[in-house]
Amino acid sequence: MNSSQDTIFAQACENISDFQFDDRVAGVFNDMIKRSVPGYAQIISTLGDFADKCVSPNTRVYDLGCSLGAATLSVRRRLDGRDCRIIAVDNSQSMIERCQQNLNAYVSDTPVDLICGDIRDIEIENASMVILNFTMQFLAPNDRETLLNKIYRGLQPGGILVLSEKLTFEDAPVQALLDELHLDFKRANGYSELEISQKRSSLENVMKPDSLPQHERRLKAQGFSHFSVWFQCFNFASMVAIK
Ligand SMILES: C[S@@+](CC[C@H](N)C(=O)[O-])C[C@H]1O[C@@H](n2cnc3c(N)ncnc32)[C@H](O)[C@@H]1O
Ligand SMILES: O=C(O)C(=O)C[C@]1(C(=O)O)C=C[C@@H](O)C=C1
């Protein structure tokens, strides 16, 4: 997947505006997310393994907040011959256009419905796998429960939700330590102090992470009785919940 280098926050800016998944971000997103989220490549590749194990024939897979299609591509490679359908949704037109090009670059017999729309508005039905890979943290906190409830109802028994999120921690020293390790990860990936602090300000109002206990409580309240973290690196984790 092609991507230019992310230099969006490299120049000092007087008024930092709220982070948006606009054309500028979409153009560098592959580089941005790999250099910002520890374990991203591992998570993307393992989504394919989850799909291989858990997606049954004639069901649907939903990739909610699909961005450039990394998760959809990883899953689609493993579904050929199963008569499944992938529904990939994002409300950024720029992401969707680039995602379509990325999907077109590979041959597959698994159809993908690529929808430019809000994940709060789409229906979920006959799903054996739903992916929320670093998307739910961008929804207003009040909308998260409703979305998870809709996902639970749309899943087949035994179907899975894979939910990846940045985390907060109730324990302040743990929060400080894991935050610092994440900052070191960004520094090691070439981001300057200015880029790191400007991006942090830009994300402040739009990305509201929850703690692991909050995630577990909310998922169980929707009916998911089986839950585990299957991956964590510093303050980023991916969880699996089974219906
Ligand atoms: C951090 S990115 C997700 C990364 C992607 N899932 C991946 O694995 O590469 C979050 C995405 O969610 C999309 N998004 C945020 N809120 C949304 C909403 N309410 N409806 C649809 N898409 C949304 C953004 O446009 C953005 O592309
Ligand atoms: O927390 C940060 O510093 C991030 O950059 C995280 C994060 C994310 O988790 O989605 C935020 C925005 C971009 O989409 C890429 C990464």
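Remember, predicted model here, so these are calculated numbers, not experimental data. For ligands, and for the atoms within them, numbers begin at 1 and follow the listed sequence.
- Residue contact annotation: L64 has no non-hydrogen atom under 4.0 Å from ligand 1.
- Proximity of G69 to ligand 1 is not established, as no heavy-atom distance is less than 4.0 Å.
- Residue D63 has no N or O atom closer than 3.5 Å to an N or O atom of ligand 1.
- For atom 12 (C) of ligand 2, the closest non-hydrogen atom of the protein is K199 NZ, 3.7 Å.
- For ligand 1, the polar-atom distance check finds no N/O of A70 at less than 3.5 Å from any of the ligand's N/O atoms.
- Closest to atom 10 (O) of ligand 2 by heavy atom, among K186, Q137, M207, R35, is Q137.
- Checked against a 3.5 angstrom limit, the closest N/O atoms of I119 and ligand 1 fall inside it.
- Between H215 and F227, the distance from one ring center to the other does not fall under 6.0 angstrom.
- For I131, no heavy-atom contact with ligand 1 is shorter than 4.0 Å.
- Taking the ring axis of Y152 as reference, the NZ or CZ atom of K243 stays within 45° of it and closer than 6.0 Å to the ring centre.
- If you check each of F134, F185, F236 against atom 6 (C) of ligand 2, the one with the closest non-hydrogen atom is F236.
- Residue-to-ligand polar distances keep H182 apart from ligand 2: every N/O pair is separated by 3.5 Å or more.
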